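For the single chain, residues carry numbers from 1 onward in sequence order. Keep in mind it's a predicted model, so treat the numbers as computed, not measured. Basis for what follows: all heavy atoms, side chains included, without hydrogens, waters or symmetry-related copies. First listed ligand is number 1; within each ligand, the first listed atom is number 1.
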Amino acid sequence: MALITILNGPNLNLLGKREPHIYGHDTLEHVEALCTSRAEALGHEIRFLQSNAEHQLIDWIHEARDNSAAIVINPAAYTHTSIALRDALSAFDGPVAEIHISNVHAREEFRHHSYISAIADTVICGAGIAGYGFAIEAVSAKI
Ligand code: DQA
């Protein structure tokens with residue numbers, strides 16, 4: 001049994017209410033339930049977190065160095081802006097999966113570049129919230 005840290009970036013607390021035509025009607029609580037059941041089926045535990053603050057996400061990545069075997073992260077808008085998040089994830093030794101609910105490549109051009117993808121082991125986008133389950137399976141296979 002391993003601990004998988006699952007991190008959610010800014011505005012994902014509004015999932016289900018925010019632009020449902022893009023992100024769907026499921027809430028972050030639904031995502032957490034999906035992640036819990038997928039991780040348990042694979043024999044793992046999760047630590048499921050969301051913050052709107054870049055420094056908080058970085059602190060949680062640092063904590064994961066000591067307590068987690070893998071990280072699944074939806075960095076949300078910080079995907080496209082944050083070298084600091086990338087550096088923190090680079091300092092994590094275990095597998096990292098980047099996940100986006102929407103297909104960022106089919107959206108505005110500024111969403112096409114990710115600072116995270118080049119250092120992630122797995123990148124999933126456009127699968128809706130099911131992508132979180134796929135990301136857990138991907139990191140689980142590498143633990
Ligand atoms: C997102 C895509 C990002 O471009 C956006 O800023 C988000 C959510 C997604 O899950 O599709 O907040 O990461």
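- Proximity of a side-chain donor or acceptor of His44 to a complementary backbone N or O of Met1 within less than 3.5 Å is not detected.
- Aromatic ring centroids of Phe110 and His112 lie 6.0 Å or more apart.
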For ligand 1, what N or O to protein N or O distances fall under 3.5 Å?
{"residue": "ligand 1", "atom": "4 (O)", "partner": "His80", "partner atom": "NE2", "Å": "2.7"}
{"residue": "ligand 1", "atom": "4 (O)", "partner": "Arg111", "partner atom": "NH1", "Å": "2.9"}
{"residue": "ligand 1", "atom": "6 (O)", "partner": "Ala77", "partner atom": "N", "Å": "3.2"}
{"residue": "ligand 1", "atom": "6 (O)", "partner": "Arg111", "partner atom": "NH1", "Å": "3.1"}
{"residue": "ligand 1", "atom": "10 (O)", "partner": "Asn74", "partner atom": "ND2", "Å": "2.9"}
{"residue": "ligand 1", "atom": "10 (O)", "partner": "Ile101", "partner atom": "N", "Å": "2.8"}
{"residue": "ligand 1", "atom": "11 (O)", "partner": "Ile101", "partner atom": "N", "Å": "3.2"}
{"residue": "ligand 1", "atom": "11 (O)", "partner": "Ser102", "partner atom": "N", "Å": "2.8"}
{"residue": "ligand 1", "atom": "11 (O)", "partner": "Ser102", "partner atom": "OG", "Å": "2.6"}
{"residue": "ligand 1", "atom": "12 (O)", "partner": "Arg18", "partner atom": "NH1", "Å": "3.2"}
{"residue": "ligand 1", "atom": "12 (O)", "partner": "Arg18", "partner atom": "NH2", "Å": "2.9"}
{"residue": "ligand 1", "atom": "13 (O)", "partner": "Asn74", "partner atom": "OD1", "Å": "2.8"}
{"residue": "ligand 1", "atom": "13 (O)", "partner": "His100", "partner atom": "ND1", "Å": "2.8"}

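- When hydrophobic clusters are built by joining Ile, Leu, Val, Met, Phe, Trp and Tyr residues whose side-chain heavy atoms come closer than 4.5 Å, directly or via intermediates, Phe134 is grouped together with Ile143.
- Results of the side-chain hydrogen bond (donor to acceptor under 3.5 Å, both in side chains) test with Ser114 over Glu98, His80, His105 single out Glu98 as the only residue that passes.
- Hydrophobic clustering (side-chain heavy atoms under 4.5 Å, transitive across Ile, Leu, Val, Met, Phe, Trp, Tyr) groups Ile46 together with Leu34.
- The main-chain N or O of Thr79 is never found under 3.5 Å from a side-chain atom of Ser82 such that the two would form a donor-acceptor pair.
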